[in-house]
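All heavy atoms count here, side chains included; hydrogens, waters and symmetry mates do not. Here is how names work: the chains are called A, B, and so on, in the same order as the sequence lines, proteins then strands, and each is numbered from 1.
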Number of protein chains: 2
Amino acid sequence: MTGVLVVDDDPHLLRILKLALETSGYAVTTAVDGRSALLAATQNPLALVILDLGLPDIDGVTVIKELREWSRVPVLVLSARHTSEDKVEALDAGADDYLTKPFGPDELLARLRALLRRSADLQPPEPVVVTENFTVDLAKHRVSREGADVRLTPIEWKILEILVRNPEKLITHRQLLTDVWGPAYAKDSNYLRVFMAQLRRKLEPDTGNPRHLLTEAGIGYRFQP
Amino acid sequence: MTGVLVVDDDPHLLRILKLALETSGYAVTTAVDGRSALLAATQNPLALVILDLGLPDIDGVTVIKELREWSRVPVLVLSARHTSEDKVEALDAGADDYLTKPFGPDELLARLRALLRRSADLQPPEPVVVTENFTVDLAKHRVSREGADVRLTPIEWKILEILVRNPEKLITHRQLLTDVWGPAYAKDSNYLRVFMAQLRRKLEPDTGNPRHLLTEAGIGYRFQP
DNA sequence: GGCGGGCCTAACGGATCCTTAACGGCAGGG
DNA sequence: CCCTGCCGTTAAGGATCCGTTAGGCCCGCC
């Protein structure tokens, strides 16, 4: 079964789309805003995303950019805005097609078939770790948050890399110190605390209550995806 | 070089399209009817076809179907007909996108980029890399800026080539040094800084604020298309 | 031999980054 | 209640790294 995610804040249109798609044989999941759309995209195996640009919480283009940081799923954009600038912006952000409202259901389904046909035969694995707040691309050595690149210093990156490569696993102070600074610096100092504070300031939404870079008192740190 | 075939029976529109595409860095071949279009498609290595449906000899949809019997090249359809039936027919015949006249050149180029981006996943890495400021032709060993060729020394080219072949990926100093000068020269000196300055002076519009040849302090460099 | 292009070295201002120290919050134990 | 670890945060110094320029060396070419 082909999974399709439909994102629209209009419940009426959402119901119509869901019905039309399901009668055409697709498995449909829905979302009503950008936040929940990105979350749903991480949890379901999707073959295509239909995205309305006019969302209540996040700008639709931002949703595309964030999605594109870790996924290549085809994105078909729906929008009431029909200027060239809007279309160019969405397409260059990573969308695959742009359909202006009002549209006929036949055309939507045809464009959907075209996209699915084109992307039917590719699925390369991606060395990208993603959380709801930031994404880490190990291969490209790059970390971004809310669509924007985050600049990390060499030591910050090294620490983050070690933690991210061992999700949910507890890494001791000693291991981090020797891996980053070398065996000579294995004795505890407060380098680590300083850099963890830096990392959290750059990546965590609430520095006081970290959600992904957790500390295990007296032992070490842990990365929670 | 990214080859694009443009098929249209209106010589005026054809000339406009050809010019717009060439200034964007594509290699354009043209055809004025369906017969010659199918012939041209067999003879040139193409990355994309832009096809006007209103041709004098063969019906456009038939052209798509015939083309699809042996080629998977992305097809972007132009047409004055804007009914759902026309779009569905063309898309289901094998077209990848359907753009109704009149259209803005910006939108056409954006949709073209979207199609090329999608189909680039299957093919080996592109022989031509284009940025808004300069283009690099890996195959022909040439780089041009604002239409004019840029003279690069052998070492400058080697550095640029390595960076461009790994878009957005961070390349460490060590890797650049060993790849360009050999393993013996892996120890840091400042050749690299000198040559990066040279490259930026030749390619970047604002040397002080590089937009494509980015430096990652303490680690290496990154090419941003 | 003169000449020019390409490559390496040296040096300096400026930006970035690492280290260190100091302070406050928090919990547990005396 | 105070004392003591442990952690998080901030700020400032000094060290390191980067970009840039200038000059000298080497080699091929006129």
Side-chain angles (χ1 to χ4, degrees), chain A residues 141 143 149-163 170-174 176-182 184-223, chain B residues 141 143 149-163 170-182 184-224:
Chain A
H141 194 133
V143 43
D149 278 20
V150 177
R151 282 184 58 84
L152 292 189
T153 71
I155 289 188
E156 285 165 13
W157 169 261
K158 203 121 182 233
I159 293 174
L160 182 64
E161 186 182 15
I162 294 172
L163 292 174
L170 196 156
I171 312 292
T172 65
H173 295 143
R174 179 185 192 81
L176 281 171
L177 285 167
T178 59
D179 280 5
V180 174
W181 281 272
Y185 296 77
K187 75 179 198 312
D188 182 62
S189 175
N190 71 336
Y191 316 143
L192 251 185
R193 281 194 287 284
V194 173
F195 281 97
M196 287 306 297
Q198 283 279 4
L199 274 176
R200 289 206 254 244
R201 194 153 57 83
K202 291 182 176 178
L203 300 179
E204 290 277 3
D206 179 8
T207 311
N209 264 33
R211 305 182 56 179
H212 305 108
L213 270 27
L214 310 180
T215 147
E216 217 76 23
I219 312 180
Y221 294 90
R222 180 201 308 275
F223 168 69
Chain B
H141 211 271
V143 45
D149 278 19
V150 178
R151 279 183 52 84
L152 292 188
T153 72
I155 288 188
E156 285 165 12
W157 170 261
K158 201 99 182 268
I159 293 174
L160 183 63
E161 186 182 15
I162 293 172
L163 291 174
L170 197 158
I171 312 293
T172 63
H173 296 141
R174 181 184 193 82
Q175 184 174 346
L176 282 171
L177 286 168
T178 58
D179 282 5
V180 174
W181 282 273
Y185 297 78
K187 76 179 198 312
D188 182 63
S189 177
N190 70 338
Y191 333 137
L192 248 186
R193 284 195 287 282
V194 174
F195 281 97
M196 287 304 299
Q198 284 279 3
L199 273 177
R200 288 207 253 244
R201 196 148 54 84
K202 291 183 177 178
L203 299 179
E204 290 277 4
D206 179 7
T207 310
N209 263 31
R211 305 182 56 179
H212 304 108
L213 270 27
L214 309 180
T215 148
E216 215 78 20
I219 312 181
Y221 294 91
R222 184 200 305 277
F223 168 69
Q224 185 78 12

Taking C-beta and beyond as the side chain, do Leu199(A) and Leu152(A) meet within less than 4.5 Å on heavy atoms? yes
Have a look at the helix from dT19(C)-dA12(D) to dG30(C)-dC1(D) and give the angle its two end axes make, five pairs each, rounded to 10 degrees. 10°
Give, for atom CH2 of Trp157(A) and atom NE2 of His141(A), the distance between the pair rounded to the nearest 0.5 Å. 4.5 Å
Mind checking the NZ-CG spacing from Lys158(B) to Leu176(B)? Nearest 0.5 Å is all I need. 11.0 Å
With a 4.5 Å limit on heavy-atom distance, are the side chains of Gln198(B) and Ile159(B) in contact? no
Would you say Arg151(A) reaches dC17(C)'s phosphate, i.e. side-chain N/O to OP1/OP2 under 4.0 Å? yes
N/O to N/O distances under 3.5 Å, protein versus nucleotides 26-30 of chain D:
none

Interatomic distance, Leu177(A) atom CG to Leu192(A) atom CG [nearest 0.5 angstrom]: 4.5 Å
What distance separates Thr153(A) OG1 from Glu216(B) CD, expressed to the nearest 0.5 Å? 10.5 Å
When you match Glu156(B) and Leu152(A) each to their closest nucleotide on DNA chain C, which lands nearer the 5' end? Glu156(B)
Closest non-hydrogen atoms of Pro154(A) and Ala217(B), given as atom of the first, atom of the second and distance, are CG-O, 3.5 Å
Heavy atoms within less than 4.0 Å of DNA chain D: which residues of residues 204-220 of chain A have one? Give them sorted by number. Thr207(A), Thr215(A), Ala217(A), Gly218(A)
Strictly below 4.0 Å: does Trp181(B) bring a side-chain N or O up to OP1 or OP2 of dC7(C)? no
Do the side chains of Glu156(B) and Lys202(B) get nearer than 4.5 Å, heavy atoms only? yes
When you check the phosphate oxygens OP1 and OP2 of dC18(D), does a side-chain N or O of His173(B) lie under 4.0 Å from one of them? yes
May I have all residue pairs that pass ring pair (Phe, Tyr, Trp, His ring centres under 6.0 Å) and include part of residues 187-207 of chain B, sequence neighbours excluded? Trp181(B)-Tyr191(B), Trp181(B)-Phe195(B)
Nearest listed nucleotide, side chain of Tyr221(B), among dG19(D), dC17(C), dC8(C): dG19(D)
When every non-hydrogen atom of Asn190(A) is compared with those of Arg193(A), the smallest separation belongs to CB-NH2, 3.2 Å
May I have the step-by-step check of side-chain contact (heavy atoms from CB on, under 4.5 Å) for Leu213(A) and Phe223(A), ending in yes or no? CA-CA 5 Å; Leu213(A) 270 27; Phe223(A) 168 69; 3.8 Å; yes
Might you point out which heavy atoms bring Pro210(B) and Thr207(B) nearest each other, and give the distance in Å? CD-O, 3.7 Å
For DNA chain C, determine which residues of residues 190-202 of chain B have any heavy atom closer than 4.0 angstrom to one of its atoms, and list them numerically. Asn190(B), Tyr191(B), Val194(B), Phe195(B)
Is any side-chain nitrogen or oxygen of Thr153(B) closer than 4.0 Å to OP1 or OP2 of dC7(C)? yes
Once rounded to the nearest 0.5 Å, what's the spacing between atom CE of Met196(B) and atom CG of Leu203(B)? 9.5 Å
Expected output: side-chain Glu204(B) to main-chain Asn209(B) donor-acceptor under 3.5 Å: no
Separation between OG1 (Thr215(A)) and NE2 (His173(A)), nearest 0.5 Å, reads 6.0 Å
side-chain N/O Tyr185(B) vs dC7(C) OP1/OP2, d < 4.0 Å: no
Considering only nitrogen or oxygen atoms on both sides, find all protein atoms under 3.5 Å from nucleotides 26-30 of chain C and state each distance.
none

Side-chain (Arg211(B)) to main-chain (Pro205(B)) donor-acceptor, under 3.5 angstrom: no
